Amino acid sequence: LLSASDQDLDLLGKALAATLDAVGDAPHNIGFLNRLQPMEEDEGEGEEPSQKYTDVYVFARSKERSAVLPSLKLGISEMMGVFHAQSDHELQVL
């Protein structure tokens, strides 16, 4: 997981480049999520201030497909916890 505030996106890009350089030619998936992080509460303020962040998830994976479900290839949605199954049996195996 790599993460940075909006003010540090250039540093996030450099960290991601270094990570991908380390991953090399290995298969991988990358996921980006934007989120709001509440800041420290200021007493007397009406609206809660928040800071914008970008999270980057890099998953290195095997080139091999699963022997259990050879028709399925793990992609970024599966790495992030969203599984696409074609049947109840596939869902149970996942």
Side-chain angles (χ1 to χ4, degrees):
L1 167 67
L2 306 169
S3 186
S5 67
D6 277 0
Q7 293 83 10
D8 295 320
L9 291 179
D10 57 331
L11 296 175
L12 181 62
K14 291 176 184 177
L16 180 56
T19 301
L20 294 177
D21 188 45
V23 169
D25 292 335
H28 60 278
N29 298 95
I30 303 172
F32 293 86
L33 291 176
N34 294 319
R35 64 181 169 89
L36 293 176
Q37 179 73 33
M39 297 174 76
E40 298 283 324
E41 288 187 31
D42 292 338
E43 292 185 36
E45 295 291 323
E47 189 173 315
E48 184 176 310
S50 58
Q51 174 70 48
K52 294 179 185 176
Y53 284 87
T54 299
D55 298 333
V56 180
Y57 296 85
V58 179
F59 301 97
R61 56 181 171 75
S62 171
K63 291 180 183 180
E64 302 292 325
R65 289 185 183 246
S66 168
V68 177
L69 292 171
S71 64
L72 294 179
K73 181 178 90 174
L74 291 179
I76 190 61
S77 56
E78 288 81 14
M79 298 295 183
M80 301 294 285
V82 178
F83 296 93
H84 305 281
Q86 302 298 316
S87 67
D88 186 58
H89 172 71
E90 284 185 2
L91 183 59
Q92 295 304 319
V93 171
L94 291 171

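What you are looking at is a predicted structure, and each value in this text was computed from that prediction instead of being measured.
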*Nearest 0.5 Å, what's the CD-CD distance between Q37 and Q51?*
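Rounded to the nearest 0.5 Å, the CD-CD separation comes out at 9.0 Å.
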*From D8 atom CG to T54 atom OG1, the distance as rounded to the nearest 0.5 Å*: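 Output value for this atom pair is 10.5 Å.
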Donor-acceptor pairs under 3.5 angstrom involving side-chain atoms of residues 14-28: please list them, not counting sequence neighbours.
{"residue": "T19", "atom": "OG1", "partner": "A15", "partner atom": "O", "Å": "2.9"}
{"residue": "H28", "atom": "ND1", "partner": "A26", "partner atom": "O", "Å": "3.0"}

Let me check something: do [X] and [Y] share a hydrophobic cluster, defined by ILVMFWY side-chain heavy atoms less than 4.5 Å apart, either directly or through other members?
X	Y	result
F32	L12	yes
L2	L36	no
L33	F59	yes

*Which atom names give the shortest non-hydrogen contact between Y53 and S5, and what distance separates them?*
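Smallest heavy-atom distance, with atoms named: CD2-N, 3.5 Å.
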